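The structure displayed is predicted, hence computed values, not measured ones. First the proteins, then the strands, lettered A, B, ... as listed; each starts at 1.
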There are 2 protein chains.
Amino acid sequence: MSECGLKHLDGREYYCAMELTLQIIGGKWKPLIIHHLGQQGTLRFNELRRTMPTITQKMLTQQLRELETDGIVHREVYPQVPPKVEYSLTALGRTVTPVISRLCEWGSMYEAERLAEKQNEAAQHSADKKSAA
Amino acid sequence: MSECGLKHLDGREYYCAMELTLQIIGGKWKPLIIHHLGQQGTLRFNELRRTMPTITQKMLTQQLRELETDGIVHREVYPQVPPKVEYSLTALGRTVTPVISRLCEWGSMYEAERLAEKQNEAAQHSADKKSAA
DNA sequence: CGGCATCCAGTGTGATACTG
DNA sequence: CAGTATCACACTGGATGCCG
């Protein structure tokens, strides 16, 4: 599972499978891109962009290219004017989506947990006030 | 699941839970740290360091502090000389490990998949040679 | 041992402008 | 529409040295 001798794949170096995973889907935007493509199926460039309001054109292009060379994303170009390019997950890419979904769910859980903590603190404070008064 | 209005938590901004997840465990080394702590339970600073041969002290310290403030990692300082500091996952941190393990497993799967592809290509090439000869 | 402070190079990332 | 090109910069992350 985590025996860690130096390994190679496609010019990458890594000590355990986790590092390999990170090199492929560990980019700042990649999990997000995969998540949205997994949910929506197929999206055009600008559709995808709108789902991530703060990403720049450049970053989106770049990250998509990397995902493409790693066999995660499929890029379909329609030779027409104006241009139309559709992005979707490959079969290999679809194998990541369950894990990505888990990450997303964990985020929701974390959010709820943190909010609950805050409310407990607030309740504690008002209780303190009462007992002080 | 992915309705995306701007949200706030602990000074963070995000549009969907996935982004929140990324802000917490999306650091370059964080999933790796969590993975190792999840497997080993409790580790001292340098023990943890040895599991990731290429990380620097500075980065390890920094990432651990961030994980600590986000409630994922617990830091236990033993006031003695030489100093002894042990790191472990909090209850909240332990909720991430299943997902992290999935990521690791996916990496193994990806690795196997890629190697199989290469062998297929190689087999294809030798077949081409034979049919050309 | 487990840090922290400082300095510094590299590059990741963003803003802007331009193109087929 | 879906990019590419260029510039500028912030920040990451590495090396080193010092401290409790």
Side-chain angles (χ1 to χ4, degrees), chain A residues 11-15 18-19 22-33 36-37 40-70 73-89, chain B residues 6 11-15 18-19 22-34 36-37 40-70 73-89:
Chain A
R12 295 174 211 280
E13 296 190 348
Y14 56 99
Y15 287 87
M18 176 57 90
E19 295 184 43
L22 289 176
Q23 293 189 30
I24 294 164
I25 61 166
K28 184 175 179 182
W29 302 98
K30 287 178 186 175
L32 216 46
I33 293 174
H36 289 304
L37 284 180
Q40 311 292 327
T42 297
L43 288 173
R44 297 182 60 169
F45 186 83
N46 275 343
E47 288 174 341
L48 194 48
R49 191 142 111 92
R50 275 190 287 277
T51 66
M52 294 169 283
T54 57
I55 197 175
T56 60
Q57 275 168 341
K58 181 181 164 182
M59 276 300 101
L60 183 53
T61 303
Q62 181 182 310
Q63 304 276 299
L64 280 170
R65 289 294 136 81
E66 292 180 13
L67 288 171
E68 196 188 348
T69 64
D70 286 332
V73 157
H74 173 69
R75 180 169 180 261
E76 185 75 36
V77 183
Y78 297 85
Q80 59 184 45
V81 178
K84 178 178 170 183
V85 181
E86 285 185 343
Y87 292 92
S88 56
L89 295 178
Chain B
L6 184 59
R12 297 173 209 279
E13 295 190 347
Y14 57 100
Y15 287 87
M18 176 57 90
E19 295 184 43
L22 288 176
Q23 293 189 31
I24 295 164
I25 61 165
K28 184 175 179 182
W29 303 97
K30 288 178 186 174
L32 216 46
I33 293 173
I34 296 169
H36 290 304
L37 284 180
Q40 311 293 328
T42 297
L43 288 173
R44 297 181 60 169
F45 186 83
N46 276 342
E47 288 174 341
L48 194 49
R49 191 143 111 91
R50 275 190 289 276
T51 67
M52 294 169 283
T54 58
I55 197 175
T56 61
Q57 261 177 349
K58 181 181 167 183
M59 277 301 102
L60 183 53
T61 302
Q62 182 182 309
Q63 303 277 300
L64 281 170
R65 289 295 138 77
E66 291 181 15
L67 288 171
E68 197 187 347
T69 63
D70 286 332
V73 158
H74 173 68
R75 180 170 180 261
E76 184 75 37
V77 183
Y78 297 86
Q80 60 183 46
V81 179
K84 177 177 170 183
V85 180
E86 284 185 344
Y87 293 93
S88 56
L89 294 178

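- Rounded to an integer number of Å, the gap from Leu64(B) CG to dG13(D) C1' is 16 Å.
- The interatomic distance linking Lys28(A) (NZ) with dC11(D) (P) rounds to 11 Å, in whole Å.
- Atom-to-atom, CD of Gln62(B) to P of dG3(C) comes out at 13 Å; the value is rounded to the nearest Å.
- Mapping Met59(A) and Val85(B) onto DNA chain C by nearest heavy atom places Val85(B) at the nucleotide closer to the 5' end.
- One interatomic measurement links the two molecules: CD of Gln57(A) to P of dT13(C), which rounds to 17 Å at whole-angstrom precision.
- Listed nucleotides: dG3(C), dG3(D), dG20(D). Nearest to the side chain of Thr61(A): dG3(D).
- Looking at heavy atoms from C-beta onward, Asp70(A) lies in side-chain contact with Arg12(A) at the 4.5 angstrom threshold.
- Minimum interatomic distance between Ser88(B) and Thr42(B) (heavy atoms only, all atoms of both residues): CB-OG1, 3.7 Å.
- Scanning for salt bridge (charged side-chain N to carboxylate O under 4.0 Å, His left out) contacts around Arg50(B) gives an empty result, with sequence neighbours left out.
- Here dA2(D) presents its C1' atom at 13 Å from NZ of Lys84(A), a figure rounded to the nearest Å.
- The residue among Arg75(B) and Lys58(B) whose nearest nucleotide of DNA chain C lies closer to the 5′ end is Arg75(B).
- Using a 4.0 Å cut-off, some side-chain N or O of Arg44(B) falls inside it from OP1 or OP2 of dG2(C).
- The distance from atom CD of Glu66(B) to atom C1' of dC11(D) is 12 Å, rounded to the nearest whole Å.
- Side-chain nitrogen and oxygen atoms of Thr56(B) include at least one within less than 4.0 Å of the OP1 or OP2 phosphate oxygen of dG14(D).
- Inter-residue side-chain proximity for Glu47(B) and Gln40(B) is flagged as unmet; no heavy-atom pair is nearer than 4.5 Å.
- Rounded to an integer number of Å, the gap from Glu86(B) CD to dG3(C) C1' is 16 Å.
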Hey, can you pull the donor-acceptor pairs under 3.5 Å for the side chains in residues 75-86 of chain A, sequence neighbours left out?
from, atom 1, to, atom 2, distance (Å)
Arg75(A), NE, Tyr87(A), OH, 3.2
Glu76(A), OE1, His74(A), NE2, 2.8
Tyr78(A), OH, Glu86(A), OE1, 3.0

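- Side-chain proximity of Arg65(B) to the nucleotides dC4(C), dT4(D), dA2(D) is greatest for dC4(C).
- Looking at which nucleotide of DNA chain D each of Pro82(B) and Tyr87(A) is closest to, the 5′-most match is held by Tyr87(A).
- The NZ atom of Lys30(A) sits 14 Å away from the C1' atom of dT13(C) (whole-angstrom rounding).
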